[in-house]
There are 2 protein chains.
Amino acid sequence: MQAPKLSIKPTNCHDCRMSALCLPLAMEYGDLDRLDKVIQRTKPLHKNQSVFYAGDSFSSVYAIRSGSIKAYCVSDDGTEQVTGFYLPGEIFGWDGIADETHKNTAVALETTAVCEIPFNKFEELSASIPTLQRHFMQLMAREITSDQQLITLLGKNSAEERIASLLMSISGRLGRRKLSPTRFRLPMSRADIGNYLGLTVETVSRVFSRFQASGYIKCDKKEVEILNLSGLSNLVQTCAEA
Amino acid sequence: MQAPKLSIKPTNCHDCRMSALCLPLAMEYGDLDRLDKVIQRTKPLHKNQSVFYAGDSFSSVYAIRSGSIKAYCVSDDGTEQVTGFYLPGEIFGWDGIADETHKNTAVALETTAVCEIPFNKFEELSASIPTLQRHFMQLMAREITSDQQLITLLGKNSAEERIASLLMSISGRLGRRKLSPTRFRLPMSRADIGNYLGLTVETVSRVFSRFQASGYIKCDKKEVEILNLSGLSNLVQTCAEA
DNA sequence: TCATCTCCATGATGTAGATCAATTCTCTGT
DNA sequence: ACAGAGAATTGATCTACATCATGGAGATGA
């Protein structure tokens, strides 16, 4: 008797619902095939497992198929700094390109499936597929501009503005991959949010309560429903987009 | 009678003292020649002149030959956020790669000479010179990690730690290009520093006074001398380098 | 050379958010 | 099913830095 086959999840780039996000839109069909051959799919990580650690030598970047990742680095004195949260369809790991060493540790916030893209193979490929090279640089540049927005947020904005901004960011990113932009589960803890936004847990918690009292959101622990999207977005000050 | 020739400043990459910083170290001599042909040298900007404005369509990145540049973006409500200071040998302008539009305005803080590197030509070139492509990505990745360090600084550190960190950063960057790491002229105003570090002018000014009183530095307006480099660096908390 | 402007310094006061503390709720593992 | 640890909420107090206000020192320009 045959062992029953497990139901198969998407195992190539063509079938992956994320490809429009994490892959060059302009790539030819044949090109996608070549990229597909290079990508390694690892078995899902469970919560708190790491993809790589700060100090690891850099060899790959990673795309998220499902789940979520927190990136953080550790100071000399042992304090952590969360540098980013990554959601499905997003790419992380380029903090290692500068000097071949990861600056961050990347850890799964929940059960998470990632695609590994070996960087040397990727470089070979992108020499012959110009759109791939450009797309990759655009993704890096997007990381730069989003980091710079965070800098503005931390330098100039109040606790309420910072948290409203994070909620809007997550909402927008989920919306872009066709998930509900108004009902979602926050994968990270209040402590992680506070760490990321330069606030204490207590302040984060109070702001969530205040937002709930003002009718902006309804939330039960990590489950969030945004009731007043435009009201929330009015709280946010973004660098003017052109 | 011939018009007298002006004394010529370095006008190619071979002669430029900055090349070790802004160009791939591993590039072959012939490759450098090809890059050299692509780079445009414009006449020096004077103080307060802009290289590009937020909203401008992106076509080039820029390297600084001499002088200094401040990058900033403007929020909806008109407030500025300084996102970076760039010194000789450093490259700026990739904030435009993501969607072909600059997010920042770049302005000269003093008389400044820049090299313009047209991005499309650069892309062609880097397809055939693999080290160039990699080096460029490394420079972008370095921007990412330095932005992330600033994020940590803004999220976790006190006014004194932030300013100490900026002074150390400038000192290190000047040192790397063989200028004095302990005596230099800050090209930016106290207001710019405050804006960059999420502090008010008054706080910046007070911290400078306190640093002077504690014997860390001696300073007269923008002229700074670091008297106790190790003391200052003890104030700084950096993400652990691997 | 005088008037205006910008930059910097320093003092007095106010406040957002940190810190400290206590309680409840929710997972985790045995 | 229970013990213990971690996550979240809420309150009371404290403090680093913002804000407001003033004066001086260099630049800039008619």
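Lettering follows sequence order; numbering is per chain, from 1. Scope of the values below: all heavy atoms of this structure, side chains included, with no hydrogens, waters or symmetry mates.
The CZ atom of A/Arg185 sits 10 Å away from the P atom of D/dA8 (whole-angstrom rounding). In this structure, A/Leu154 places its CG atom 12 Å from P of C/dA18, rounding to the nearest Å. Separating the CZ atom of A/Phe208 from the C1' atom of D/dA8 is a distance of 11 Å, rounded to the nearest angstrom. Taking atom NZ of residue A/Lys156 and atom P of nucleotide D/dC17, one finds them 15 Å apart after rounding to whole Å. Here the P atom of nucleotide C/dT26 and the CG atom of A/Leu186 are 17 Å apart, to the nearest Å. When rounded to the nearest whole Å, the span between CZ of A/Arg206 and P of D/dA12 equals 10 Å. Atoms CD1 (A/Ile193) and C1' (D/dA8) sit 11 Å apart, rounded to a whole Å. When the P atom of D/dG6 is taken as reference, atom NZ of A/Lys47 falls 13 Å away, rounded to whole Å.
One donor-acceptor pair, N or O on each side, does fall under 3.5 Å between the base of D/dC20 and the side chain of B/Glu202.
Note on B/Ser205: a base of the nucleic acid sits closer than 4.0 angstrom, heavy atoms only. Note on B/Ser189: only backbone sugar-phosphate atoms sit closer than 4.0 angstrom, heavy atoms only; bases stay farther off.
Taking only side-chain atoms of B/Lys222, from C-beta outward, the nucleotide of C/dC8, C/dT19, C/dA18 with the closest atom is C/dC8. When distances are taken from the side chain of A/Thr203 to each of C/dC8, D/dC17, C/dG17, the shortest belongs to C/dG17.
A/Thr200 has no side-chain polar atom (N or O) that falls below the 4.0 Å cut-off from OP1 or OP2 of C/dG17.
B/Ser180 and B/Leu174 make their closest contact through O-CB, 4.0 Å (heavy atoms, listed as atom of the first residue, atom of the second, distance). For the pair A/Ile91 and A/Ala63, the tightest heavy-atom approach, listed with the atom from each and the gap, is CD1-CB, 4.2 Å.
Side-chain rings of A/Tyr196 and A/Tyr72 stay apart, their centers remaining 6.0 Å or farther from each other.
Residue-to-nucleotide proximity on DNA chain C shows that, of B/Gln212 and A/Gly198, the 5′-proximal contact is made by B/Gln212.
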